[in-house]
Peer 1: 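One structure is given below, represented as structure tokens, and several questions about it will come after.
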Protein chains: 2
Amino acid sequence: MNQEAAAQAGAPRRRAGRPRSVVLDRDLIARAALKLVVAGGYSTLTMSSVAKSLGVSPSALYNHVESKQELMQWIQEIVMDGVDSSVFETLPLDEALAEWAVTYRDIFAGHAPLIPLIAVLPVSGSPRTQEMYEKVAAGFTRAGWKQAEIVPAIVALESFIFGSALDATAPLDIFDAGENAGKMPSFESALEAQRATGRNSADTAFMTGLRAIIAGLMDQAEIT
Amino acid sequence: MNQEAAAQAGAPRRRAGRPRSVVLDRDLIARAALKLVVAGGYSTLTMSSVAKSLGVSPSALYNHVESKQELMQWIQEIVMDGVDSSVFETLPLDEALAEWAVTYRDIFAGHAPLIPLIAVLPVSGSPRTQEMYEKVAAGFTRAGWKQAEIVPAIVALESFIFGSALDATAPLDIFDAGENAGKMPSFESALEAQRATGRNSADTAFMTGLRAIIAGLMDQAEIT
DNA sequence: TCTAGTAAATGAATGCCATTCATTTAAAAA
DNA sequence: TTTTTAAATGAATGGCATTCATTTACTAGA
């Protein structure tokens, strides 16, 4: 977690022109939006719904936020704040990566619509994300990794995490053959065997892949 | 590739009521939509634009397609048809996985908006996808993998592929520190070292991660 | 204390979108 | 020839993000 960066953009000078209800600011808007998302999912997040939840007209929001896309970035920052990157200071790299990845994926599984956004957005807009990268990179450096190999390793892990977060939102019966039952014998029998283990498919896949990618990266790394 | 499944849903009986211009059908609509996407990206894909490109009114489309979402699934099927899964019949599993993953990711990098859709959609709606899974699963089976470990391995790989496809669409300067230059020394120096190699960051990360996850999976597998 | 300036709110547009529906058309079946 | 019916039309509908002219009331300066 990370709270110290809360009062980021200078004190919000009181200058309202309609004191009824609230004086809006970035933080209020972002938190109201996140609340709506948590309560009803991203499909319920509209500029109108945010405005309503703040007792304000939709157009009022635009005095504080450029666009809905920017609002989504604000939400992303708050969500990203929930990812624990402190483990890199206490655990060996491979264990730290595993813990970090698990919380990262768990948190974004609840915020899948943010993922296509994050994957493409400049990190300069998100100080929390930057702090996270710094801690992760420091972990790699401390473990003696060659500088040029650090960023690719982080990006690869993040890609796996984002992909897995998307996958975590899939319905359980996503692989059911439907019409074509019997036409994919190998896959269907593999699926049946997996199901017989009683384990959640998405979680098992994530842990399997995570162990594999971490082990593989550690193996390939040229430690200086 | 795979063309044989083209005439999927029975012959399109001629029954038109407005022969001017075209008689619509699933294939025509899907291809027109894909053409628009290739030409101008997903932001240009609207029901109106598809209708216009077919010389037809928007409402006409709804005699053939349930929703825009369904149209996107049709596009996804065509795109998926470009993924080459035949390698599993000729190459050892690890090499086949690598080739398959590379084409899979390359193709979907150009269709990022489909990814959140696919990740969540029942495969029963997409025979091409089912065929792909069958071939991949058969590859694992042939290599002697324990049944229950096959699906998790496939899902993990696919998660990595989708995440990497999203990442491939990111701008090159996505990691630039901006305002906070100097506040993330470890990360910035790692980034600089990566850049000095002259290699594309997304591609390097993908190949690094891919080798790692494949090697890691092979290592963990209990071969019967 | 008065006045001017201004950030912030309002609500009425605007324009784009997917989607629906009553109606019409013309090909196929009888 | 008549009937049936899939497929097309174009005019709604409703939801959405976003813009804008206007108003409000706090703050700063005289």
Side-chain angles (χ1 to χ4, degrees), chain A residues 9-34 36-37 40-76 113-114 116-117 121, chain B residues 9-34 36-37 40-76 113-114 116-117 121:
Chain A
R13 296 148 296 190
R14 300 294 190 74
R15 285 280 189 106
R18 221 28 222 333
R20 204 170 308 268
S21 68
V22 231
V23 185
L24 296 182
D25 70 2
R26 173 181 164 142
D27 214 59
L28 256 166
I29 296 172
R31 285 182 200 290
L34 181 54
L36 285 174
V37 164
Y42 280 86
S43 65
T44 68
L45 183 73
T46 66
M47 294 306 271
S48 283
S49 70
V50 175
K52 195 173 173 189
S53 81
L54 289 165
V56 126
S57 81
S59 53
L61 299 174
Y62 288 89
N63 285 315
H64 304 273
V65 68
E66 283 267 335
S67 62
K68 186 181 178 180
Q69 164 119 338
E70 189 179 288
L71 175 55
M72 302 266 291
Q73 291 180 235
W74 294 355
I75 296 175
Q76 178 261 331
L114 293 177
L117 210 70
L121 239 49
Chain B
R13 296 149 297 190
R14 301 292 191 76
R15 284 281 189 106
R18 217 43 223 321
R20 203 170 310 269
S21 68
V22 231
V23 185
L24 295 182
D25 70 1
R26 173 181 163 142
D27 214 59
L28 256 165
I29 295 172
R31 284 182 200 291
L34 181 55
L36 285 173
V37 163
Y42 280 85
S43 66
T44 69
L45 184 75
T46 66
M47 296 305 271
S48 283
S49 70
V50 175
K52 195 174 173 189
S53 81
L54 289 165
V56 126
S57 81
S59 54
L61 298 174
Y62 288 89
N63 285 315
H64 305 272
V65 69
E66 282 266 337
S67 62
K68 186 180 179 183
Q69 165 119 339
E70 187 178 280
L71 175 54
M72 302 266 292
Q73 292 181 233
W74 294 355
I75 296 176
Q76 179 260 332
L114 293 178
L117 210 69
L121 239 50

Peer 1: Please enumerate all residues that pass side chain to side chain donor-acceptor pair (under 3.5 Å) together with Y42(A), with sequence neighbours excluded.
Peer 2: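 Partners of Y42(A) under the side chain to side chain donor-acceptor pair (under 3.5 Å) test: H111(A).
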Peer 1: Within this structure, what is the CG-CZ distance for the pair D25(B) and R31(B), rounded to the nearest 0.5 Å?
Peer 2: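 One gets 9.5 Å once the value is rounded to the nearest 0.5 Å.
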Peer 1: For the side chain of K68(B), starting at C-beta, report the closest nucleotide among dA8(D), dA9(C), dT19(C).
Peer 2: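 For K68(B), the side-chain atoms sit closest to dT19(C).
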Peer 1: In whole Å, I'd like the distance from the CE atom of M72(A) to the C1' atom of dA17(D).
Peer 2: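 Whole-Å distance recorded here is 13 Å.
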Peer 1: Measuring from atom CG of L114(A) to atom CG of L117(A), what distance do you get when rounded to the nearest 0.5 angstrom?
Peer 2: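 Taking CG in L114(A) and CG in L117(A), the distance rounds to 6.5 Å.
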Peer 1: Take atom CD of E70(A) and atom C1' of dA17(D), then tell me their distance rounded to the nearest Å.
Peer 2: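 These atoms are roughly 14 Å apart.
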Peer 1: Under the ring pair (Phe, Tyr, Trp, His ring centres under 6.0 Å) definition, can you give me all pairs with a residue in residues 44-63 of chain B, not counting sequence neighbours?
Peer 2: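 Checked against ring pair (Phe, Tyr, Trp, His ring centres under 6.0 Å) - neighbours excluded - no pair reaches residues 44-63 of chain B.
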Peer 1: Measure from CG on D25(A) to P on dC26(D) and round the result to the nearest Å.
Peer 2: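 Rounded to the whole Å, the gap is 17 Å.
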Peer 1: Quick one: stems involving DNA chain D, counted as three or more successive Watson-Crick or G-U pairs, both distances short of 3.5 Å.
Peer 2: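 Stems found: C:1-30 with D:1-30.
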Peer 1: Consider the side chain of T46(B), meaning its heavy atoms from C-beta on, and name the nucleotide among dT18(D), dA18(C), dT10(C) that approaches it most closely.
Peer 2: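 My answer, after comparing the listed nucleotides, is dA18(C).
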Peer 1: Could you give the side-chain donor-acceptor pairs of residues 48-57 of chain A under 3.5 Å, partners two or more places apart or in another chain?
Peer 2:
residue: S49(A); atom: OG; partner: T44(A); partner atom: O; Å: 2.9
residue: S49(A); atom: OG; partner: T46(A); partner atom: N; Å: 2.9
residue: S49(A); atom: OG; partner: T46(A); partner atom: O; Å: 2.9
residue: S49(A); atom: OG; partner: T46(A); partner atom: OG1; Å: 3.3
residue: S53(A); atom: OG; partner: V50(A); partner atom: O; Å: 2.9
residue: S57(A); atom: OG; partner: S59(A); partner atom: OG; Å: 3.2

Peer 1: Rounding to an integer number of Å, can you tell me how far K52(B) NZ sits from dT9(D) C1'?
Peer 2: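 After rounding, the gap between these two atoms is 17 Å.
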Peer 1: It should be established whether H64(B) places a side-chain nitrogen or oxygen under 4.0 Å from OP1 or OP2 of nucleotide dA8(D).
Peer 2: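 It does, given that an N or O in the side chain of H64(B) lies less than 4.0 Å from OP1 or OP2 of dA8(D).
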Peer 1: What is the distance from atom NZ of K68(B) to atom CG of L45(B), rounded to the nearest 0.5 Å?
Peer 2: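 Those atoms lie 5.0 Å apart.
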Peer 1: Which atoms of nucleotides 12-14 of chain D (N or O only) lie under 3.5 Å from a protein N or O atom, and what are those distances?
Peer 2:
none

Peer 1: Distance check needed: dA6(D) C1' versus I29(B) CD1, whole Å only.
Peer 2: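 Going from CD1 in I29(B) over to C1' in dA6(D) covers 14 Å.
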Peer 1: Restricting to non-hydrogen atoms, name the atom on I75(A) and the atom on A30(A) that form the minimum distance, rounded to 0.1 Å.
Peer 2: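 Scanning both residues completely, I find the closest heavy atoms to be CG1-O, 4.4 Å.
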Peer 1: Between atom OH in Y62(B) and atom P in dC17(C), what is the gap in whole Å?
Peer 2: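 About 12 Å, once rounded to whole Å.
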Peer 1: Tell me: CG of L61(B) to C1' of dA18(C), nearest whole Å?
Peer 2: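 Answer to the nearest Å: 11 Å.
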Peer 1: Measure CG/N63(A) against P/dT22(D) and give the value in whole Å, please.
Peer 2: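 So the two atoms are 17 Å apart, to the nearest Å.
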Peer 1: Do Q73(A) and V65(A) touch side chain to side chain, with heavy atoms closer than 4.5 Å?
Peer 2: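 Heavy-atom side-chain distance check fails, nothing below 4.5 Å.
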Peer 1: Among the nucleotides dT19(C), dT10(C), dA17(D), which one has an atom lying closest to any side-chain atom of V56(A)?
Peer 2: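 It is dT10(C).
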Peer 1: Give the C-alpha distance, both sets of side-chain angles, the deciding distance and a yes or no for side-chain contact (heavy atoms from CB on, under 4.5 Å) between L71(B) and L61(B).
Peer 2: CA-CA 10 Å; L71(B) 175 54; L61(B) 298 174; 5.9 Å; no
Peer 1: Check nucleotides 11-13 of chain C for protein N or O atoms closer than 3.5 Å to its own N or O atoms and list the pairs.
Peer 2:
residue: dG11(C); atom: N7; partner: S59(A); partner atom: OG; Å: 2.9
residue: dG11(C); atom: O6; partner: S59(A); partner atom: OG; Å: 2.5

Peer 1: Would Q69(B) and L121(B) count as a side-chain contact (heavy atoms from CB on, under 4.5 Å) here? Give the steps.
Peer 2: CA-CA 11 Å; Q69(B) 165 119 339; L121(B) 239 50; 4.0 Å; yes
Peer 1: Considering only dT19(C), dA8(C), dA17(D), which nucleotide approaches the side chain of M47(B) most closely?
Peer 2: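 For the M47(B) side chain, the nearest candidate turns out to be dT19(C).
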